[in-house]
Amino acid sequence: MIHVDNLNVSVGNFNLHGVNLELREGGCLAILGPSGAGKTLLLETAMGARRPNRGRVLINGRNITDLPPELRRIAYIPQDLALFPHLSVRRNITFGLTSGAARRGTGEALDRVVAMFNIEHLLNRRVIGTLSGGEKQRVALARALIAQPRVLFLDEPFAALDAATRADLLRSLRSLRQTLNITLFLVTHDLDEACFLAEEVAIMMRGRIVEYGPRDRVFRQPRTTAVARFLNIRNILPIEQFRTTGFLSVKASHDGCTHVAVRPEDVTLTEWDDGPSDAVHARLDALIPLGSRTIAELTLPGSLRLEAMLNHDQAAALGRSASDRVRVSIPTGSMIYLSTDAGGPAYPAPVLS
Amino acid sequence: MIHVDNLNVSVGNFNLHGVNLELREGGCLAILGPSGAGKTLLLETAMGARRPNRGRVLINGRNITDLPPELRRIAYIPQDLALFPHLSVRRNITFGLTSGAARRGTGEALDRVVAMFNIEHLLNRRVIGTLSGGEKQRVALARALIAQPRVLFLDEPFAALDAATRADLLRSLRSLRQTLNITLFLVTHDLDEACFLAEEVAIMMRGRIVEYGPRDRVFRQPRTTAVARFLNIRNILPIEQFRTTGFLSVKASHDGCTHVAVRPEDVTLTEWDDGPSDAVHARLDALIPLGSRTIAELTLPGSLRLEAMLNHDQAAALGRSASDRVRVSIPTGSMIYLSTDAGGPAYPAPVLS
Amino acid sequence: MALAGGVVGGMKLSRSLFALSLACGLGGAVSLVLMMLAAQIGFAGVRAPIAALGRPDIQHAIKLSLFCATIAAGLAMLVAIPSAYVLARYRFPGRILIDVLLDIPIIISPIAIGITLLLMFRSAPGSWVQEHLLRFVFEVPGIILAQFIIALALQIRVLKATFEEINPRLEQVARYLGCGPWAAMWRVTLPLARPGMVAALLLGWGRAIGDYGATVTIAGSVKGKTDTIPISIVLNWSAVRIEAAVALVMVLTSIALLVLLAVRLAAGGSRT
Amino acid sequence: MALAGGVVGGMKLSRSLFALSLACGLGGAVSLVLMMLAAQIGFAGVRAPIAALGRPDIQHAIKLSLFCATIAAGLAMLVAIPSAYVLARYRFPGRILIDVLLDIPIIISPIAIGITLLLMFRSAPGSWVQEHLLRFVFEVPGIILAQFIIALALQIRVLKATFEEINPRLEQVARYLGCGPWAAMWRVTLPLARPGMVAALLLGWGRAIGDYGATVTIAGSVKGKTDTIPISIVLNWSAVRIEAAVALVMVLTSIALLVLLAVRLAAGGSRT
C-alpha cells in the first residue's frame with residue numbers, strides 16, 4: 001500500500017540515505033532506533049511534510065510526493081499530540097469533519113469514535129490542559145481516526161506515559177487495527193511497543209535502515225553488534241573470548257562474524273553439581289528481582305561477565321543454595337552470530353565501571 | 001539518614017499532604033507515581049529547593065529545612081540533566097570543586113569519576129549539545145558525584161533513553177551504590193527502574209503517599225485497586241464476578257476488599273482436557289509474542305477477559321493446538337485482594353474498545 | 001561547630017547582600033517611574049488639567065491623534081501579519097537581512113524617519129505622488145504615513161515572536177485533518193495568536209499616538225491642522241500654557257497605562 | 001479523476017494566492033524600508049553629506065551624542081540587570097503591577113517623559129537638587145537623565161526575556177554543587193545571558209542616541225551645548241542646511257544598522 005522508494009533527505013548536515021520500505025494494507029511497520037537516528041525525519045518525509053532530495057512515496061501505486069497534505073487522507077499523531085489548545089475536546093475531535101460532505105455525518109462519526117475510545121465523559125471539557133496523559137492520547141486518537149483515514153502515522157505516541165496507561169493504549173490500538181483494518185506507520189524507540197504492534201520492523205541508525213524485515217526475524221536474529229546492542233540483548237561477547245571460557249559449542253568462525261550474542265533468558269543456571277556436561281562453572285554475583293523474573297549476574301573464568309534471566313522458581317532455588325557457584329549452559333540454537341558494523345559500532349558501546 | 005517528617009507543601013492549588021518517609025544510609029528509596037502526582041514537588045521539597053508549609057527534613061538527625069542548598073552536601077540530577085551549556089565537559093564535571101579545599105584535589109577527583117563512568121574520551125568536548133543521551137547521563141552523574149555527596153537525588157533520570165542505554169546506566173548506578181555507599185532518592189514513573197534500584201518504594205497519587213514499604217511487599221501485595229492498576233497488574237476484577245465465573249477458590253469476602261488482582265504470569269493455561277480440577281474453561285483469543293514471552297488474551301464465561309503471560313515453551317505448545325479452547329487455573333496464593341480507594345479510584349480506570 | 005556556624009553566618013550575610021542589591025536595583029527603577037507619575041499630579045493636581053481638557057484646541061489634538069493612530073496602526077496590521085508570519089515560519093536566503101531591515105524603524109530616531117520621508121517626497125517620483133495622488137507634507141496623510149511606519153516595525157516584531165511561540169505542528173496536524181493553508185491559518189494559527197495580535201495592535205497604536213519626531217518633521221506643527229497630542233504639548237508649553245501641556249501629558253500617560261494593562265489582560269485571558 | 005483534478009487545480013490556485021498574499025505583505029514592508037534608505041542616498045549622493053561631517057558643529061553633535069548615550073545606557077544596565085533578574089525569577093505580590101509600571105517609558109511619548117522631568121525639577125525637592133547638587137534643565141546631565149530613562153525601560157524588557165529563557169534548574173544545580181547565590185549568578189546565569197546583555201546594552205544605546213522628544217524638552221536645543229545628533233538635525237534642517245541634516249540622518253541610520261547587526265552577531269555567536 002505504501003511504498004517508500006529510495007528516499008534521500010537532508011536537513012542541515014544530517015542525511016537520510018536511500019531508504020526503501022514497503023507497507024501492505026492493514027499492516028503495521030515500526031521504525032525503531034536510538035534518538036537522533038533520523039526516525040522522525042523519515043516519518044515526516046513519508047507523510048509529505050518534507051520534500052525529499054531524491055526518491056518517491058507511493059500510496060496504492062500513486063505518487064503522492066507532491067500531493068498537498070490535506071488531500072492525502074492520512075492521519076498523524078506527533079509525539080506532543082498537538083491537540084488544539086484553544087478548542088474544547090469535542091471541537092478537537094470533530095476538527096477534521098467541517099468541510100463539505102463530511103460535515104453532515106459529524107454526529108454519527110463522533111458517536112462512533114467516542115464509543116471506540118470511551119471518552120464520552122470528556123467531550124464537554126473546554127480546556128485540553130486539564131486532561132491526564134492517557135486521556136489526551138485517547139482524544140488525539142479519536143481526532144485522527146474520525147475521518148477514517150487510510151494510514152495512521154504515529155511518532156513516539158506513548159513516550160510520556162506510565163506503564164499501565166501505555167499498556168492499555170497499546171491494547172486499544174491493537175484491537176482497533178483489527179476492527180478498522182487501518183494501516184499503521186509507527187516510529188518509536190521502545191522495543192515493547194514495536195513488538196506489540198508491528199509485524200514488520202525496520203531499525204534505523206545514523207540515517208540508514210540497518211535491519212528491515214518481519215518482527216520475529218529482526219528481534220531474534222539481528223545481524224550486527226550495533227543492532228543487537230540496541231535490541232538490549234545483554235550478553236554480547238567476542239567469539240574467541242567466549243570459546244576460551246569453555247563454551248566449546250560456539251563455532252570458531254561463522255560467515256565472518258566476530259561476536260556472539262546470547263539472550264539472558266536463554267542462559268540456563270543449575271547448581272554446581274548438576275547440569276549438562278557442556279556447562280561451565282561460574283560465580284553468581286547477584287540476584288536482582290525484577291517483577292516476576294530475576295536477573296542473575298555471573299562472572300565466568302577470564303572475568304567474563306554474563307547475565308541470565310530466571311523465572312521465580314529457578315531464582316528461589318538458587319537463592320536457597322548456600323554456595324555462590326553455579327553451572328552455566330547455553331543451548332547451541334540460541335547463539336546469535338554477529339558481524340561488526342563496517343563503520344565501527346553505530347551505537348556507542350556501553351562501558352560500566 | 002534522611003527523615004521527611006509530616007511535610008505539607010502547596011503550589012497553586014496542588015497540595016502535598018503530610019508526607020512521612022525515612023531513608024537509611026546507603027539505601028535507596030523510589031517514589032513512584034503517575035505524572036502529576038506530586039513526585040517532583042516532593043523531591044524538591046526534600047532537597048530544600050522549596051519551603052514546606054509545615055513539616056521538617058532531617059539529615060542524620062539535623063534539621064536542614066532552612067539550610068541553604070550549597071551547604072547540604074547533596075547532589076541532584078534533574079530530568080533534563082541541566083548540564084551547563086556554556087562549559088566544556090571537563091568544566092561541567094569539575095564545576096563543584098572550584099571552592100576552597102576541594103580545588104586542590106581536582107585532579108584526582110576528576111580521574112576517579114572519569115574512570116568510574118568511562119568518559120575519558122569525552123573530557124575535551126567543548127559543546128555539550130553534541131553528546132548522545134547516554135553520554136550526557138554519564139557526564140551528569142560524574143558532575144554530581146565528584147564532590148562525594150552524602151545523598152543523590154534523581155528525578156526521572158532515564159526517561160528519555162532507549163532500553164539498552166537505560167539498562168546499562170541502571171547497572172552502572174547499581175554497582176556504584178555498592179562501591180560508594182551512596183544514598184539514593186529516586187523519583188520515577190518507571191516500575192522497572194524502581195524495582196532494579198530501590199529497596200524501599202513509596203507510591204504517590206494526587207499529593208499523597210498511598211503505599212510505602214519494602215519493594216517486594218509493595219510490588220507483590222498492593223492494597224488498593226488504584227495502586228494495583230498503576231503497578232500494571234493487568235487482571236483486576238470484582239470479587240463477585242470472579243467467583244461466579246467458576247473460580248470458587250476466590251474468597252467471597254476478605255477484610256472489606258472488593259476486587260481481586262492476578263498477575264498474568266500467575267495464570268496457568270493448559271489444553272482443554274488436562275489441567276487441575278479447579279480449572280475453568282476459556283477461549284483463547286490471541287497470542288501476542290513480546291520478546292521472550294507471550295501474552296495470551298482469554299475470554300471466560302460471562303465475557304470476563306483475562307490476560308496470561310506464557311514463556312516460550314508454553315506458548316509454542318498452545319500455538320500448536322488446533323483448538324482455541326483452554327483451561328485456566330490460578331493458584332490460591334497468587335490472588336491479591338484489593339479494597340477500592342475511599343475517594344474513588346485515584347487513577348482513572350482504563351476502558352478499552 | 002562554632003566554625004561551621006561562622007561560615008553559615010558569613011554565607012547568610014552574603015545572601016542578604018545578594019537580596020539587597022537585587023531589591024535596590026528594582027526599587028530604584030520603580031521609584032523613578034513613580035516619581036515621574038507623582039510629578040505630573042503634584043504639579044497642578046488633577047483639577048486644572050481636567051478643566052483644560054475642555055478647550056477646543058486640545059479636543060482637536062486628541063481627536064486628530066486618535067484618528068491618525070487608529071488608521072495607521074490598523075493599516076500597519078494588514079502588512080505586519082503576513083510579514084511576521086513569513087519571517088516566523090519559513091527559512092529562505094536573505095531572511096536575516098530582511099529581519100534586520102525591518103527592525104531599523106524601531107531603533108532609528110523618529111527624526112531620521114521624518115527627514116527621510118521628506119527627502120522621499122522631494123524626489124521626482126515623490127513629487128509626482130504629491131501632485132497627482134495625495135499630499136503628505138504638512139498634511140494629515142503625512143501624520144498617518146509617519147505613524148504607520150513607526151507602528152509597522154514594532155508590530156512585525158511582536159507578531160513574529162507570537163507566531164514563533166505557536167507550535168508549528170498544530171498547523172501541520174490541521175493540514176492532515178483536511179485544512180488548506182488558508183483554513184489552517186484561520187482556524188488554528190490566528191485564534192492562537194489572538195493575544196499577540198491584540199498586543200501588537202495596541203502597542204503599535206500607543207507608539208503611533210505618542211510619536212513626536214517623525215510627525216513633526218513631515219507634517220510640521222500647523223496649529224488646528226496637524227497638531228497631534230505630542231505636537232500640541234510642545235506648542236502649549238512654549239506658549240507657557242502649562243496646564244494645557246500637563247493635561248495632554250496626563251492623557252498620554254493614561255493612554256500608555258491603559259494600553260499596557262489591556263495587553264496584559266489579553267495575554268492573561270488566553271491562559272485560562 | 002477529472003473532478004479530482006479540478007479540485008486539485010482549485011486547491012493549487014488557493015495555495016498560490018496564499019503564498020502571494022504572504023509575499024505581498026512582506027514585500028511591501030521591505031520595499032518601504034528600502035525606499036527610505038534609497039531616498040537618503042538618492043537626495044545628495046554620499047559625497048556632500050560626508051563632506052558635511054567635517055564641520056565642527058556636526059562633529060560636536062556626534063561627540064556629544066556618543067558621550068551621553070554611552071553613559072546613559074551604561075548606567076541603565078546597572079539598574080536593569082537586577083531589576084530584570086528579580087522580575088524573571090521571583091513571584092511576589094505586585095509583580096505584575098511593577099512590570100506594567102516599568103513598561104510605561106517604552107510606550108509613552110518621549111515628549112511626555114521630557115515634560116514630566118521638567119515638572120519634577122520645578123517641584124520643591126527638584127529645585128533643591130538643581131541648586132545644590134547638579135543642574136539638569138538645559139544642561140548635559142539633563143540629556144543623560146532623559147536618555148537613561150529611555151534606555152532603562154527597554155533594557156529591562158530585553159533582559160527579562162533573556163533571564164526567562166535560561167533554565168532556572170541550571171542555577172539550582174549550581175547551588176547544590178556548592179555555589180552561593182552570587183557565584184551561581186556569576187558562573188552560570190550571567191555567562192548564559194551574555195548575548196541578551198549585549199543586545200540590551202546596544203538597543204538601549206541606540207534608542208538613547210536617537211531620542212529627540214525627551215532630550216529637547218528637558219535640555220532644549222542650545223546650539224554648541226545640548227545639540228545632540230537629532231537636535232542638530234532639526235536645527236540644520238530649519239536653517240536650510242540640508243546637506244548637514246542629511247549627513248546626520250545617515251549617521252543615525254548607520255548607527256541603527258550597526259547596532260542591529262551587532263545584536264544579531266552576539267545572538268548568533270552564542271548558538272555554536
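Letters A, B, ... are given to chains in the order of the sequence lines, protein chains preceding strands, and every chain is numbered from 1. Heavy atoms only: backbone and side chains are in, while hydrogens, waters and symmetry mates are out.
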Who wins among [options] for the most heavy-atom pairs under 4.5 Å with chain C?
{"options": "Ala39(D), Gly27(D), Gly28(D)", "result": "Ala39(D)"}
{"options": "Leu248(D), Asp211(D), Ile229(D), Val79(D)", "result": "Val79(D)"}
{"options": "Ile233(D), Val249(D), Leu119(D), Ile149(D)", "result": "Leu119(D)"}
{"options": "Val259(D), Leu37(D), Ile104(D)", "result": "Ile104(D)"}
{"options": "Ser83(D), Gly25(D), Ala76(D)", "result": "Ser83(D)"}

So, do [X] and [Y] sit near enough that their side-chain heavy atoms are less than 4.5 Å apart?
{"X": "Phe18(D)", "Y": "Pro82(C)", "value": "no"}
{"X": "Leu22(C)", "Y": "Arg89(D)", "value": "no"}
{"X": "Phe148(D)", "Y": "Leu32(C)", "value": "yes"}
{"X": "Leu17(C)", "Y": "Trp182(D)", "value": "yes"}
{"X": "Met250(D)", "Y": "Ile115(C)", "value": "no"}

Using every non-hydrogen atom in the two residues, find where [X] and [Y] come nearest and quote the distance to one decimal.
{"X": "Ile106(C)", "Y": "Arg207(D)", "value": "O-CD, 4.0 Å"}
{"X": "Ser109(C)", "Y": "Gly210(D)", "value": "OG-O, 2.5 Å"}
{"X": "Asp99(D)", "Y": "Arg264(C)", "value": "OD2-NH1, 2.8 Å"}

### Interatomic spacing from CE in Met36(C) to CE in Met120(D) - rounded to 0.5 Å
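So the CE of Met36(C) and the CE of Met120(D) are separated by 7.5 Å.
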Counting heavy-atom pairs under 4.5 Å with chain D, which one of [options] comes out on top?
{"options": "Leu257(C), Val216(C), Leu261(C), Thr217(C)", "answer": "Leu257(C)"}
{"options": "Leu154(C), Leu102(C), Leu97(C)", "answer": "Leu102(C)"}
{"options": "Ile108(C), Leu117(C), Leu78(C)", "answer": "Ile108(C)"}

Using heavy-atom distances under 4.5 Å, tell me whether [X] contacts chain D through its side chain, its backbone, both, or neither.
{"X": "Val100(C)", "answer": "both"}
{"X": "Ser123(C)", "answer": "neither"}
{"X": "Val30(C)", "answer": "both"}
{"X": "Val263(C)", "answer": "neither"}
{"X": "Leu152(C)", "answer": "side chain"}

